[in-house]
Amino acid sequence: MTLYKLPFPSAVNTIVRNIPRGTVMTYKEVAVEAGFSGAYRAVGTLMSKNRNKNIPCHRVVRSDGYTGGYAWNPENKIKILREEGFTINDDGKIIFD
DNA sequence: TAGCTGACGCAAA
DNA sequence: ATTTGCGCCAGCT
């Protein structure tokens, strides 16, 4: 799926926007899909700057299993993920069934 | 133009 | 299994 020749912001934007409900992608996965396999750092940086309501950035989590950060409200992110059907511990760790 | 920062990731201790 | 430190890329000052 790494066929995005678009610049970083556009590529990441498109990918995250196309994440289906009930599905989560890691920052690294998003970077790979965007065509910049090692830009997982830049992905987070970009989202923090953009924080677009059209982009379900709450579906982007860390590879460690933690939800990661959220520009609006970290607890809100966990809440939304739980609504998506994911199980999250009190520590904020996502438990994949 | 050059350097620092950050919603991360992974290897090593 | 957990904690610490280093590396990564693009964006911003």
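Every chain is numbered from 1 and lettered A, B, ... according to where its sequence line falls, protein lines coming before strand lines.
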query: Between C:dC9 atom P and A:Tyr27 atom OH, what is the distance in whole Å?
result: 19 Å
Let me check something: any side-chain donor-acceptor pairs from residues 46-54 of chain A under 3.5 Å, sequence neighbours excluded? List them with distances.
unit_1, atom_1, unit_2, atom_2, d
A:Ser48, OG, A:Gly44, O, 3.4
A:Ser48, OG, A:Thr45, O, 2.5
A:Asn50, ND2, A:Leu46, O, 3.4

- prompt: What are the two closest heavy atoms between A:Val43 and A:Ala31, and how far apart are they?
  reply: CG2-CB, 3.8 Å
- prompt: Are A:Val12 and A:Ile55 in one and the same hydrophobic cluster, where Ile, Leu, Val, Met, Phe, Trp and Tyr link if side-chain heavy atoms are under 4.5 Å apart?
  reply: yes
task: Figure out the OH/P separation between A:Tyr66 and B:dG9, and round it to whole Å.
output: 13 Å
field: Sidechain-backbone polar pair: A:Thr14 side chain, A:Ser10 backbone, donor-acceptor under 3.5 Å
entry: yes
Do any N or O atoms of the protein come closer than 3.5 Å to N or O atoms of nucleotides 10-13 of chain B, and which pairs are they?
unit_1, atom_1, unit_2, atom_2, d
B:dC10, OP1, A:Lys28, NZ, 3.3

message: For residues 80-89 of chain A, which residue pairs pass the salt bridge (Lys or Arg N to Asp or Glu O under 4.0 Å) check, not counting sequence neighbours?
response: A:Arg21-A:Glu84, A:Arg59-A:Glu84
- prompt: What's the CE-P distance between A:Met47 and C:dC9, to the nearest Å?
  reply: 20 Å
- prompt: Is there a residue in residues 73-88 of chain A whose heavy atoms reach under 4.0 Å of DNA chain B, and which residues are they?
  reply: none
query: Near A:Lys79 NZ, under 6.0 Å, is it more than 12 heavy atoms from other residues, nucleotides or ligands?
result: no
- prompt: Side-chain contact, heavy-atom cut-off 4.5 Å: A:Glu33 with A:Ile15?
  reply: yes
task: Indicate yes or no: at least one non-hydrogen side-chain atom of A:Ile94 is less than 4.5 angstrom from one of A:Leu81.
output: yes
- prompt: Any sub-3.5 Å donor-acceptor pair from A:Asn13's side-chain atoms to A:Pro9's backbone N or O?
  reply: no
Listed pairs, N/O of protein and of nucleotides 11-13 of chain C, under 3.5 Å:
none

- request: Just grab all the ring pair (Phe, Tyr, Trp, His ring centres under 6.0 Å) pairs involving residues 42-64 of chain A, residues at least two apart or on different chains.
  value: none
task: Nearest whole angstrom, please: distance from the C1' of C:dT2 to the CG of A:Asp91.
output: 13 Å
message: What is the distance, to the nearest angstrom, from the CZ atom on A:Phe36 to the P atom on C:dA10?
response: 6 Å
Contacts table for residues 61-70 of chain A: side-chain donor-acceptor under 3.5 angstrom, sequence neighbours left out:
unit_1, atom_1, unit_2, atom_2, d
A:Arg62, NH2, A:Asp64, OD1, 3.4

